[in-house]
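Data block below; observations after.
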Amino acid sequence: MTTNAELQARKENAIARGQGTLAPVYVERAENAELWDVEGKRYIDFGSGIAVGNTGHVHPKVTAAVQEQIQKFSHTCVMVTPYEVAVELAEKLNELAPGNTPKKTTFVTTGAEAVENCVKIARAHTGRRGVIAFNGGFHGRTNLAMALTGKITPYKNLFGPFPGDVFHAPFPAEALGVSVKDSLKGLETLFKVDIAPTDVAAIIVEPVQGEGGFYPAPNEFLQALRKLCDEHGIMLIIDEIQSGFARTGKFFAAEHAGVEADLMTSAKGIAGGFPIAAVIGKAEVMDAPLPGGLGGTYGGSPIGCAAALAVIDVIKEENLVERANQIGALFKERLVAMQRDHADVIGEIRADRGAMIAMELVKEGDNEQPNAELPGKLVAKAHEKGLVLLSCGYRGNVIRFLPALTISDELINEGLDILAECLAELA
């Protein structure tokens, strides 16, 4: 039997160290919200491949759709000899995107590509250069996406220089002491000292910051951004890569604020683990680039399109939008109970955006004293006990929970029992 340790040694010799490993656990098989490693140990998965497996591992309907497509063909390039599954998926995404304005879609392969294409489209439509992002935001690991990302380590460290004409403003987060008013004032300051609003092509924002710490953008903030963009002819890009596809108790998180984006990114949960990403936007805006200006060899993979169509069906048939809210409520109840037992280390709990849940770890019960040492220990201890956890955060002190939306209450409670054990041992 191959062991995790043996595979980790091989990995360290064969794969660049920059592509790190959260835990040396090598998966052999998975089902719904459970994993089994090469040594036969079982894990409850509270990460879902970073919000990719919203419909669970190896969902039978998604698997069947992929198998059916593979029997036909796996690739022709949608820009060379296209196929119906891509057209059908674009039609469905256009229908699902928030707002009444007619929409169009373009397909790429990764979230970072989707972000970069949003910027390209916004610049083509407006004829402007500047892009504004927010502190703590994460938009990908390619060069322009790194410039937009609002956190240095580990994403930007050693990789500069980055493209110009990218600016950052404060993101409103109560736990960080930044109000909506502070953030809007930061934008006002940018317009006075760095770039005129008439020179800004786009503002990009996550409706719930992902890597930044699962801070939800207040509804009034997103509404204020929409108004600001309308006033100045700026394109509003809403990055739904981690928050989309029922994760937050709406199909897209921007629906919580009733805001329609000019351009929207989608990836991660779109296809149950098969690589595909998309930009969905207002038709007039999307058509700004000339033919050939958008695309990519693997963009709109027929396998990914087939998987995504099945994922949309599963979300509707199994009512996973509402299930996300039920999951969030159960997590909140259990985490608040743990907070009472460990008030010195558990700070703010964020569980009001469906199954995109976070727990701040602090020192002496003070949210202004982030505990950046405990998350790594907690994640490692959880893995030892058979629970997959993820950490994140602008200050490195957040545990995030991203269970499959198909997970059972019994499995949630079992996983949270393990978390409680880990906290008792470490805190």
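Index from 1, following the sequence. Quick note: numbers below take in every heavy atom, side chains included, and nothing from hydrogens, waters or symmetry partners.
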Is the shortest heavy-atom distance from the side chain of Thr76 to the side chain of Val80 under 4.5 Å? no
Between Val345 and Val362, is any pair of side-chain heavy atoms under 4.5 Å apart? no
Would the distance check show the side chain of Glu240 and the main-chain N or O of Ala254 forming a donor-acceptor pair, the cut-off being under 3.5 Å? yes
So, do Phe221 and Phe134 have ring centers that fall under 6.0 Å from each other? yes
At their closest point, which heavy atom of Ala324 faces which heavy atom of Gly249, and how far apart are they? CB-N, 3.7 Å
Cut-off 3.5 Å, no hydrogens considered: what does the side-chain donor-acceptor table look like for residues 407-424, sequence neighbours left out?
unit_1 : atom_1 : unit_2 : atom_2 : d
Ser408 : OG     : Leu411 : N      : 3.1
Asp409 : OD1    : Arg323 : NH1    : 3.1
Asp409 : OD1    : Arg323 : NH2    : 2.8
Asn413 : OD1    : Arg334 : NH1    : 2.9
Asn413 : ND2    : Asp409 : O      : 3.2
Glu414 : OE1    : Arg42  : NH2    : 3.1
Glu414 : OE2    : Arg42  : NH1    : 2.9
Glu414 : OE2    : Arg42  : NH2    : 3.4
Asp417 : OD1    : Arg334 : NH1    : 3.4
Asp417 : OD1    : Arg334 : NH2    : 2.8

Taking atom types as modelled, find out whether Glu113 and Thr142 have a side-chain donor-acceptor pair closer than 3.5 angstrom. no
Flag, side chain of Lys156 to backbone of Thr149, donor-acceptor distance under 3.5 Å: yes
Using the side-chain contact (heavy atoms from CB on, under 4.5 Å) rule, take Met338 and Asp341 through it: C-alpha gap first, then chi angles, then the decisive distance, then the call. CA-CA 5 Å; Met338 290 182 211; Asp341 294 334; 5.6 Å; no
Counting only heavy atoms not in Lys227, do more than 12 sit closer than 6.0 Å to its NZ atom? no
Closest non-hydrogen contact found for Thr126 with Met235 is CG2-CG, 3.8 Å
Do Ser74 side-chain atoms and Ile70 backbone N/O form a donor-acceptor pair below 3.5 Å? no
For residues Trp36 and Arg29, determine if any side-chain heavy atom of one lies less than 4.5 Å from a side-chain heavy atom of the other. yes
Is it true that atom CD of Glu84 has more than 12 heavy atoms of other residues, nucleotides or ligands lying nearer than 6.0 Å? no
Given side chains that start at C-beta, do those of Phe138 and Gln209 come closer than 4.5 Å, heavy atoms only? no
Ignoring hydrogens and geometry beyond distance, is a side-chain donor-acceptor pair present between His256 and Thr248 at under 3.5 Å? yes
As a quick check of understanding, evaluate salt bridge (Lys or Arg N to Asp or Glu O under 4.0 Å) for Lys72 and Glu68, giving each step before the final call. CA-CA 7 Å; Lys72 297 175 182 176; Glu68 181 181 352; 3.7 Å; yes
Gln69 side chain vs Val66 backbone, donor-acceptor pair below 3.5 Å: no
Can you give me the closest heavy-atom contact between Ser183 and Val178, atom names plus distance? N-CG1, 4.4 Å
Does His232 reach the main-chain N or O of Ile234 with its side chain, forming a donor-acceptor pair under 3.5 Å? no
I'd like to know if the side chain of Glu255 reaches the main chain of Pro98, judged simply by a donor and an acceptor atom lying under 3.5 Å from each other, with no hydrogens or angles considered. no
side-chain contact (heavy atoms from CB on, under 4.5 Å) between Leu335 and Phe401, worked out: CA-CA 11 Å; Leu335 292 175; Phe401 304 94; 3.9 Å; yes
Verify the distance criterion only: is there a donor paired with an acceptor across the side chains of Tyr394 and Glu211 at less than 3.5 Å? no
For a quick test of your reading: what N or O donor-acceptor pairs under 3.5 Å do the side chains of residues 374-392 make, sequence neighbours left out?
unit_1 : atom_1 : unit_2 : atom_2 : d
Lys381 : NZ     : Glu425 : OE1    : 3.4
His383 : ND1    : Val379 : O      : 3.1
Lys385 : NZ     : Glu425 : OE2    : 2.9

CG of Leu225 to CD of Glu220, rounded to nearest 0.5 Å, is 11.0 Å
Could you check, using the six-membered ring where one of them is a Trp, whether Phe73 and Tyr83 have ring centers closer than 6.0 angstrom? yes
Ignoring hydrogens, what is the shortest heavy-atom contact between Ile327 and Pro403? Give both atom names and the distance. CG2-CG, 3.8 Å
Looking only at heavy atoms, the pair that brings Ala278 and Phe107 closest together is CB-CD2, 3.9 Å
State, with a plain yes or no, whether a side-chain heavy atom of Val166 is found less than 4.5 Å away from one of Leu144. yes
Give the C-alpha distance, both sets of side-chain angles, the deciding distance and a yes or no for side-chain contact (heavy atoms from CB on, under 4.5 Å) between Leu309 and Glu88. CA-CA 8 Å; Leu309 287 168; Glu88 184 181 354; 3.7 Å; yes
Heavy-atom check, side chain of Arg395 versus side chain of Glu360, under 4.5 Å: yes
To the nearest 0.5 Å, atom OG1 of Thr265 lies from atom CD1 of Ile280 at 8.5 Å
Measure the shortest side-chain to side-chain distance between Ile399 and Leu361 over non-hydrogen atoms and say whether it is less than 4.5 angstrom. yes
Check the angle between the aromatic planes of Tyr298 and His75 and answer parallel, tilted or perpendicular using the 30° and 60° thresholds. tilted
Set out, in order, the CA-CA distance, both residues' side-chain angles and the distance that settles side-chain contact (heavy atoms from CB on, under 4.5 Å) for Leu263 and Ile238, then state yes or no. CA-CA 6 Å; Leu263 297 160; Ile238 296 185; over 6 Å; no
Closest approach of Ala358 and Val398, non-hydrogen atoms and distance? CB-CG1, 3.7 Å
Sequence neighbours excluded, every pair satisfying side-chain hydrogen bond (donor to acceptor under 3.5 Å, both in side chains) that has a member inside residues 271-291: Lys104-Asp287, Asp262-Lys282
Measure the spacing between OG of Ser266 and CG of Leu93 and express it to the nearest 0.5 Å. 6.5 Å
Assess, by modelled atom type and distance only, whether the side chains of Lys11 and Thr21 contain a donor and an acceptor separated by less than 3.5 Å. yes
CD/Glu174 to CZ/Arg350 distance, rounded to the nearest 0.5 angstrom? 9.5 Å
Would you say Gln8 and Tyr26 are linked by a side-chain donor-acceptor pair, where the criterion is simply a distance under 3.5 Å? yes
What distance do Asn397 atom CG and Asn371 atom CG have between them, rounded to the nearest 0.5 Å? 7.5 Å
With rounding to the nearest 0.5 angstrom, report the CD to CD1 distance, Glu348 to Ile346. 13.0 Å
If only atom types and distance count, is the side chain of Asp313 paired as donor or acceptor with the main-chain N or O of Ala310 below 3.5 Å? no
Report the residues that fulfil salt bridge (Lys or Arg N to Asp or Glu O under 4.0 Å) with Glu31, sequence neighbours left out, ordered by chain and then residue number. none
Do Tyr43 and Asp37 have a side chain donor and acceptor closer than 3.5 Å? yes
Find out whether Ser301 and Ile276 are in side-chain contact, i.e. whether some heavy atom of one side chain is under 4.5 Å from a heavy atom of the other. no
Taking only residues two or more places apart in sequence, or in another chain, which ones meet Glu260 in a salt bridge (Lys or Arg N to Asp or Glu O under 4.0 Å)? Lys103
Step through it carefully: locate the ring centre of Tyr215, locate the ring centre of Phe171, and say whether they are under 6.0 Å apart. no
Less than 4.0 angstrom from a charged side-chain N to a carboxylate O is my criterion; do Glu12 and Arg10 meet it? no
Applied to residues 46-56, the side-chain hydrogen bond (donor to acceptor under 3.5 Å, both in side chains) test, sequence neighbours excluded, yields Asn54-Arg247
